[in-house]
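Note that this is a predicted model, so its numbers are computed, not measured.
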Amino acid sequence: MAANQKFGGLGVTHDHPIQAVIFDMDGVLIDSEPIYFEIERSSFAHFGAMMTDEEHHSYVGVTLESMWQQVLDKHQLTTSMEDILAYHQHNVMKTMLAHPNLKAMPHVERWLSWLHEQHIPIAVASSSPRALIDLIMDKTGLGRYFELRMTGEEVALGKPAPDIFLVTAEMIGASPSNCLVIEDSRNGVQAAKSAGMRCIGYRNPGSGNQDLSKADLQISSYDELWTLKETLPFEDKSPILSELRR
């Protein structure tokens with residue numbers, strides 16, 4: 001475990017307890033990044049963009065539009081953005097719908113169930129399109145846990161801008177300083193910190209070589225986070241939790 005501050009890295013404060021948890025989806029709730037990498041590699045090759053691993057990993061966490069705009073500019077592709085997105089999104093949806101190994105990250109459901117028991121609102125805030133979020137939430141069975149699903153399509157600027165997290169906090173009814181974000185990418189961590197939120201960096205090898213150093217805390221599994229749950233500054237909302245803190 002790596003932490004940037006004392007008390008588990010997230011700070012123990014009575015003024016700003018954690019009242020809501022916001023999850024990224026890909027690489028955090030499901031280990032889907034390796035699948036996307038393969039789909040994207042195929043699309044990059046189709047349109048003639050020769051991609052290094054370093055460049056490819058830099059796009060983790062951003063919207064499809066942002067990724068492809070950067071690829072278009074850098075590789076001077078002549079195909080229109082409209083045609084590229086139509087081709088790529090069709091491949092993504094077809095592949096994800098048919099993929100046999102779409103399942104939740106190990107032990108994440110135990111964590112989600114515990115948050116529900118403590119009456120702590122949780123949300124998904126993902127750069128993926130809504131159709132893909134809904135597909136994955138339904139196929140993995142995780143959709144039942146989330147009060148809110150926010151997409152990069154619904155905000156002005158995608159990650160690493162803070163917009164998606166600020167809008168999510170507003171819709172949940174929580175102050176940004178009372179929100180905890182779980183992210184697996186440099187872009188996502190930057191967005192959370194720019195929003196004024198505490199952030200756990202999930203070190204997922206499938207997400208590539210991501211710099212999570214700006215996160216308040218880094219973990220490698222939900223088992224690791226489970227062992228820390230009683231030390232995290234959640235707002236007490238149940239008699240059982242209050243008793244555990246005494």
Side-chain angles (χ1 to χ4, degrees), residues 23-102 124-140 142-143 149-168 183-192 194 202 204-212:
F23 292 80
D24 180 39
M25 182 177 71
D26 299 301
V28 171
L29 293 173
I30 64 167
D31 195 17
S32 51
E33 294 294 1
I35 305 172
Y36 291 137
F37 281 147
E38 289 303 313
I39 301 170
E40 288 162 2
R41 285 285 182 189
S42 173
S43 293
F44 294 150
H46 177 81
F47 292 110
M50 298 299 102
M51 189 75 55
T52 65
D53 287 345
E54 182 179 6
E55 181 187 350
H56 197 174
H57 292 165
S58 73
Y59 299 132
V60 175
V62 305
T63 63
L64 285 178
E65 289 84 351
S66 176
M67 179 184 75
W68 277 109
Q69 188 60 62
Q70 293 177 69
V71 173
L72 269 168
D73 294 341
K74 183 168 184 176
H75 296 271
Q76 300 181 330
L77 304 184
T78 57
T79 310
S80 70
M81 174 68 82
E82 182 180 6
D83 288 345
I84 285 176
L85 288 177
Y87 175 90
H88 184 73
Q89 289 177 331
H90 174 74
N91 278 350
V92 170
M93 294 298 293
K94 180 178 69 174
T95 302
M96 298 305 271
L97 185 62
H99 205 284
N101 294 321
L102 274 188
V124 175
S126 170
S127 296
S128 293
R130 176 164 296 278
L132 182 57
I133 295 174
D134 290 344
L135 185 157
I136 289 174
M137 289 291 100
D138 293 345
K139 193 165 183 179
T140 60
L142 292 177
R149 305 174 190 180
M150 181 59 61
T151 82
E153 297 174 324
E154 298 170 75
V155 294
L157 296 173
K159 303 172 189 178
D163 300 34
I164 192 169
F165 291 129
L166 292 174
V167 173
T168 300
E183 270 283 0
D184 69 315
S185 71
R186 176 185 60 83
N187 291 312
V189 170
Q190 178 62 57
S194 295
Y202 192 106
N204 183 348
S207 300
N209 185 23
Q210 297 295 313
D211 179 5
L212 306 179

Q: Applying side-chain contact (heavy atoms from CB on, under 4.5 Å), can you list everything that pairs with T151, at least two apart in sequence or on another chain?
A: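 Partners of T151 by the side-chain contact (heavy atoms from CB on, under 4.5 Å) criterion, ordered by chain and then number, come out as R130, I133, E153, E154.
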Q: Is the side chain of K159 donor-acceptor paired with the backbone N or O of S185 at a distance under 3.5 Å, no angle test?
A: no
Q: Search all heavy atoms of H75 against all heavy atoms of A49 and return the closest pair with its distance.
A: CG-CB, 3.9 Å
Q: Give, for atom CD1 of I136 and atom NE2 of H99, the distance between the pair rounded to the nearest 0.5 Å.
A: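 Answer for the CD1-NE2 pair, I136 versus H99, is 10.5 Å.
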Q: Considering non-hydrogen atoms only, spot the tightest contact between P160 and S194 and give its length.
A: O-OG, 4.4 Å
Q: Between the side chain of S127 and the main-chain N/O of G152, is any donor-acceptor distance below 3.5 Å?
A: no
Q: Specify the closest pair of heavy atoms between S207 and G27, including all atoms of both residues, with the distance to one decimal.
A: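 Smallest heavy-atom distance, with atoms named: OG-CA, 4.0 Å.
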Q: To the nearest 0.5 Å, what is the distance between CG on D211 and CD on Q190?
A: 10.0 Å
Q: Got a sec, which residues hit side-chain contact (heavy atoms from CB on, under 4.5 Å) with D73, two or more places apart in sequence or on another chain?
A: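 By the side-chain contact (heavy atoms from CB on, under 4.5 Å) rule, D73 matches Q69.
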Q: D134: which residues meet the side-chain hydrogen bond (donor to acceptor under 3.5 Å, both in side chains) condition with it, sequence neighbours left out?
A: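 side-chain hydrogen bond (donor to acceptor under 3.5 Å, both in side chains) list for D134, sorted by chain: R149.
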Q: Could you work out, with ring pair (Phe, Tyr, Trp, His ring centres under 6.0 Å) as the rule, every residue matching Y36, not counting sequence neighbours?
A: none
Q: Going by heavy atoms in the side chains, are M96 and K139 under 4.5 Å from each other?
A: no
Q: In chain order, what residues pass the side-chain hydrogen bond (donor to acceptor under 3.5 Å, both in side chains) check against T140, with sequence neighbours excluded?
A: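 Scan of T140 (side-chain hydrogen bond (donor to acceptor under 3.5 Å, both in side chains), adjacent residues dropped) gives none.
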Q: Could you tell me which residues satisfy salt bridge (Lys or Arg N to Asp or Glu O under 4.0 Å) with D184, sequence neighbours excluded, listed by chain and number?
A: none
Q: Side-chain atoms of residues 83-92: list all donor-acceptor pairs with protein atoms under 3.5 Å, sequence neighbours left out, distances to 0.1 Å.
A:
from : atom 1 : to  : atom 2 : distance (Å)
D83  : OD2    : S80 : OG     : 3.3
Y87  : OH     : H46 : ND1    : 3.4
H88  : ND1    : S43 : OG     : 2.8

Q: Once rounded to the nearest 0.5 Å, what's the spacing between atom OG of S128 and atom CG of D24?
A: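 Interatomic distance, S128 OG to D24 CG, rounded to 0.5 Å: 7.5 Å.
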Q: According to side-chain contact (heavy atoms from CB on, under 4.5 Å), who are the partners of E38, at least two apart in sequence or on a separate chain?
A: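 Scan of E38 (side-chain contact (heavy atoms from CB on, under 4.5 Å), adjacent residues dropped) gives none.
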Q: Tell me the salt bridge (charged side-chain N to carboxylate O under 4.0 Å, His left out) pairs involving residues 44-60, sequence neighbours left out?
A: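 Qualifying pairs, neighbours excluded: R41-D53, E55-K74.
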Q: Between L212 and R186, what is the shortest heavy-atom contact and its length?
A: CD2-N, 4.1 Å
Q: Checking Y202 now: which residues fulfil ring pair (Phe, Tyr, Trp, His ring centres under 6.0 Å) with it, not counting sequence neighbours?
A: Y222
Q: Who are the ring pair (Phe, Tyr, Trp, His ring centres under 6.0 Å) partners of F44, not counting sequence neighbours?
A: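 Residues passing ring pair (Phe, Tyr, Trp, His ring centres under 6.0 Å) with F44: H56, W68.
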Q: If you count every heavy atom of other residues, nucleotides or ligands that lies below 6.0 Å from D138 atom CG, does the total exceed 12?
A: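 Result for CG/D138: enclosed.
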Q: What are the two closest non-hydrogen atoms of V124 and M25, and how far apart are they?
A: CG1-CB, 4.0 Å
Q: Quick check against the 3.5 Å criterion: does N187 have a side-chain atom that pairs as donor or acceptor with the backbone of V60?
A: yes
Q: Could you state the interatomic distance from CG (L102) to OG1 (T95), rounded to the nearest 0.5 Å?
A: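 If I round to the nearest 0.5 Å, the distance is 10.0 Å.
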Q: Tell me, do V71 and F47 make a side-chain contact under 4.5 Å, heavy atoms counted?
A: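 Contact flag for V71/F47 side chains = no.
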Q: Which atom names give the shortest non-hydrogen contact between G206 and E33, and what distance separates them?
A: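 Looking at all heavy atoms of both residues, the closest pair is O-CB, 3.3 Å.
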Q: Applying side-chain contact (heavy atoms from CB on, under 4.5 Å), run through F165 and M150 and close with a yes or a no.
A: CA-CA 9 Å; F165 291 129; M150 181 59 61; over 6 Å; no
Q: According to side-chain contact (heavy atoms from CB on, under 4.5 Å), who are the partners of D163, at least two apart in sequence or on a separate chain?
A: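 Expected list: V155, A156, L157, A161.
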Q: Taking the side chain as every heavy atom from C-beta outward, state whether I30 and L142 have any atom pair closer than 4.5 Å.
A: yes
